[in-house]
**Q** 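One structure, as structure tokens, below. Some questions next.
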Amino acid sequence: MVGPIRFGGLASGMDTETMIKDLMRAERMPMDRMFQRKQWTEWQRDAFREVNSKMLEFRNIAGDMRLQGTFLARKVTSTDSNAVTARAVGAGANFTSQIRVNQVAEAAYINSAEAVSINHTSAEDMQEHVGKKFTINGTEFTVRDNETLNQLISRINNSKAGVSMFYDTQTNKVSMSSRETGLDGLDLVDDSDFLHEVLNLYEVNNGDEPVNYSNGKNAKFVLNGLETERKANVFTISGVEYTIKAVTDNAVTVSSVSDTDAIFDKIKGFV
């Protein structure tokens with residue numbers, strides 16, 4: 001579409017359109033200067049931000065250069081990394097250790113011995129148990145009015161009891177396990193018999209061994225001839241953090257050397 005054709009000053013002989021544009025340009029000058037100042041301020045802001053970022057980076061690098069640990073970086077190797085790994089977290093000198101793993105730490109758990117009879121989503125099925133109390137790892141719980149089994153399990157999981165619990169819809173059973181590894185990870189006190197009679201959380205033995213219950217296990221190992229144990233599979237001894245992954249038949253050698261590449265990179269980054 002063609003726009004309208006205008007002939008400025010046809011009657012008066014004056015170019016009114018150009019005059020109007022010049023007048024408007026003069027009126028816009030204060031606004032143009034304001035936008036220029038705004039742009040200049042934004043450039044200054046961005047420049048200050050860049051300087052601050054570089055100063056922070058320099059301060060962090062300079063801080064690392066003041067630490068003794070920067071120049072004592074260790075590279076740790078293991079003759080069987082599938083069983084044992086390690087890293088130096090505070091070792092003042094290079095080291096060599098012999099470690100044989102006799103047992104890996106495991107979390108305690110217990111599962112329902114038989115199917116739970118109540119509907120896990122029904123508050124009505126839980127009504128007859130309202131007010132019953134039980135304790136898990138020192139934290140006391142009371143079955144609340146109009147609370148479903150799923151809601152009770154969620155409340156237990158979000159508590160300080162340190163356990164993970166779920167209801168399995170395929171077997172209609174409840175499973176509870178400690179969040180941390182180690183022996184005696186579950187301490188259940190059930191005076192109202194809610195855990196025992198309602199959730200069927202009791203041991204079922206196959207011979208001498210329970211088939212639905214474990215009291216947890218500590219990590220057992222021999223370190224440089226000393227037989228000892230820890231609750232977790234990750235532990236620190238004399239500035240060395242060991243991670244146990246599997247039982248070993250023979251001793252695994254863990255040793256360290258100075259990590260010259262890491263030290264060089266720190267110095268290079270500073271420069």
Side-chain angles (χ1 to χ4, degrees), residues 85 87 89 101-206 208-221 228-237 241-247:
T85 58
R87 68 186 186 97
V89 294
V101 182
N102 297 327
Q103 180 173 281
V104 177
E106 295 179 359
Y109 68 84
I110 186 169
N111 303 320
S112 297
E114 52 188 297
V116 175
S117 59
I118 62 175
N119 187 329
H120 61 290
T121 61
S122 170
E124 184 178 355
D125 283 7
M126 289 280 285
Q127 279 300 109
E128 62 179 294
H129 306 295
V130 171
K132 289 186 176 181
K133 299 178 183 295
F134 56 91
T135 300
I136 303 175
N137 291 344
T139 302
E140 185 179 78
F141 299 93
T142 302
V143 180
R144 296 174 179 172
D145 191 23
N146 294 321
E147 183 176 48
T148 67
L149 178 56
N150 273 355
Q151 290 171 336
L152 174 60
I153 290 175
S154 178
R155 188 153 56 91
I156 293 171
N157 286 336
N158 292 326
S159 72
K160 297 179 180 180
V163 298
S164 295
M165 193 174 180
F166 69 91
Y167 178 92
D168 181 44
T169 56
Q170 297 298 313
T171 61
N172 295 326
K173 292 182 177 182
V174 171
S175 177
M176 181 191 302
S177 62
S178 173
R179 287 201 181 105
E180 297 183 356
T181 58
L183 193 64
D184 300 326
L186 287 178
D187 180 18
L188 308 181
V189 179
D190 187 23
D191 295 333
S192 64
D193 284 334
F194 177 80
L195 299 178
H196 182 272
E197 294 184 356
V198 180
L199 301 186
N200 298 323
L201 293 174
Y202 55 85
E203 295 179 43
V204 176
N205 293 317
N206 182 9
D208 294 331
E209 294 294 329
V211 295
N212 69 324
Y213 170 75
S214 171
N215 198 32
K217 295 179 180 179
N218 287 346
K220 295 183 178 181
F221 54 94
T228 184
E229 60 185 86
R230 296 291 187 276
K231 280 186 169 291
N233 290 314
V234 180
F235 51 88
T236 301
I237 297 177
E241 182 185 270
Y242 296 90
T243 300
I244 288 177
K245 301 178 180 179
V247 174

**Q** Less than 4.5 Å apart, side chain to side chain, heavy atoms only: is that true for Ile156 and Phe134?
**A**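 Answer yes - side chains close enough.
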
**Q** So, the side chain of Lys231 versus the backbone of Thr181: is there a donor-acceptor pair under 3.5 Å, distance only?
**A** no

**Q** Apply side-chain contact (heavy atoms from CB on, under 4.5 Å) to Met126 and Phe194, showing your working.
**A** CA-CA 11 Å; Met126 289 280 285; Phe194 177 80; 3.9 Å; yes

**Q** Minimum heavy-atom separation for Ala232 to Ala105, with atom names?
**A** C-CB, 4.1 Å

**Q** Assess the residue pair Ile244 and Arg230 against the criterion (side-chain contact (heavy atoms from CB on, under 4.5 Å)); give the C-alpha distance rounded to whole Å, side-chain angles, the decisive distance to 0.1 Å, and a yes or no.
**A** CA-CA 10 Å; Ile244 288 177; Arg230 296 291 187 276; over 6 Å; no

**Q** For the side chain of Asn212 and the backbone of Val204, is there at least one donor-acceptor N/O pair under 3.5 Å apart?
**A**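 It does hold such a pair.
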
**Q** Looking at Val247 and Val101, what are the two nearest heavy atoms and their distance?
**A**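 Looks like CG1-O, 3.3 Å.
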
**Q** Just by distance, do the side chain of Asn150 and the backbone of Thr121 share a donor-acceptor pair under 3.5 Å?
**A**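 Checked: no pair found.
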
**Q** Ser175 and Asn111: which non-hydrogen atoms are nearest, and at how many Å?
**A** OG-OD1, 2.6 Å

**Q** Looking at Asn146, is its backbone amide N or carbonyl O close enough to the side chain of Gln127 to form a donor-acceptor pair, meaning the two atoms are under 3.5 Å apart?
**A** yes

**Q** Starting at CD of Glu147, measure out to OG of Ser154 and round the result to the nearest 0.5 Å.
**A**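 Spacing of CD (Glu147) from OG (Ser154) equals 9.0 Å.
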
**Q** Are any of the side-chain heavy atoms of Arg155 and Arg144 separated by less than 4.5 Å?
**A**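 Heavy-atom side-chain distance check passes, below 4.5 Å.
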
**Q** Distance only, no hydrogens: is a donor on one side chain within 3.5 Å (strictly under) of an acceptor on the other, for Asn137 and Thr139?
**A**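 No, because no side-chain N or O of Asn137 sits under 3.5 Å from a partner of the opposite role on Thr139.
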
**Q** Using every non-hydrogen atom in the two residues, find where Glu203 and Asn205 come nearest and quote the distance to one decimal.
**A** OE1-OD1, 3.8 Å

**Q** Among Val104, Asn233, Thr85, find the one that has a side-chain contact (heavy atoms from CB on, under 4.5 Å) with Lys245.
**A**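 The residue from Val104, Asn233, Thr85 that satisfies side-chain contact (heavy atoms from CB on, under 4.5 Å) with Lys245 turns out to be Thr85.
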
**Q** Which value, rounded to the nearest 0.5 Å, describes the distance between Phe166 atom CZ and Ser177 atom OG?
**A** 7.5 Å

**Q** Would you say Leu188 and Met176 make side-chain contact, with heavy atoms under 4.5 Å?
**A**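 Answer yes - side chains close enough.
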
**Q** Is there a donor-acceptor pair under 3.5 Å between the side chain of Ser112 and the backbone N or O of Val174?
**A**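 Such a contact is found between Ser112 side chain and Val174 backbone.
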
**Q** Would Glu114 and Tyr202 satisfy side-chain contact (heavy atoms from CB on, under 4.5 Å), going step by step from the backbone distance to the final call?
**A** CA-CA 9 Å; Glu114 52 188 297; Tyr202 55 85; 2.6 Å; yes

**Q** Between His120 and Tyr167, what is the shortest heavy-atom contact and its length?
**A** ND1-CE2, 3.2 Å

**Q** Give, for atom CD1 of Ile110 and atom CE of Met165, the distance between the pair rounded to the nearest 0.5 Å.
**A** 10.0 Å

**Q** Report the C-alpha separation of Lys133 and Asp191 in whole Å, then their side-chain angles, then the decisive distance to 0.1 Å, and conclude whether the side-chain contact (heavy atoms from CB on, under 4.5 Å) test is met.
**A** CA-CA 7 Å; Lys133 299 178 183 295; Asp191 295 333; over 6 Å; no

**Q** Would you say the side chains of Asn218 and Glu106 form a donor-acceptor pair under 3.5 Å?
**A**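 No, no side-chain donor-acceptor contact under 3.5 Å.
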
**Q** Got a second to check how far Leu201's CG is from Asp190's CG, nearest 0.5 Å?
**A** 8.5 Å

**Q** Has Asp125 got a side-chain atom pairing as donor or acceptor with Asn119's backbone, closer than 3.5 angstrom?
**A** yes

**Q** If you compare all heavy atoms of Ala107 against all heavy atoms of Ser178, which two are closest, and at what distance to 0.1 Å?
**A**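 Nearest pair, atom of Ala107 first, then Ser178: CB-O, 3.4 Å.
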
**Q** Could you measure the distance from the OG atom of Ser214 to the CG atom of Leu183? Nearest 0.5 Å is fine.
**A** 8.5 Å

**Q** Could you tell me the separation between the CD1 atom of Ile153 and the CG atom of Leu199, rounded to the nearest 0.5 Å?
**A**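 So the gap between those two atoms works out to 7.0 Å.
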
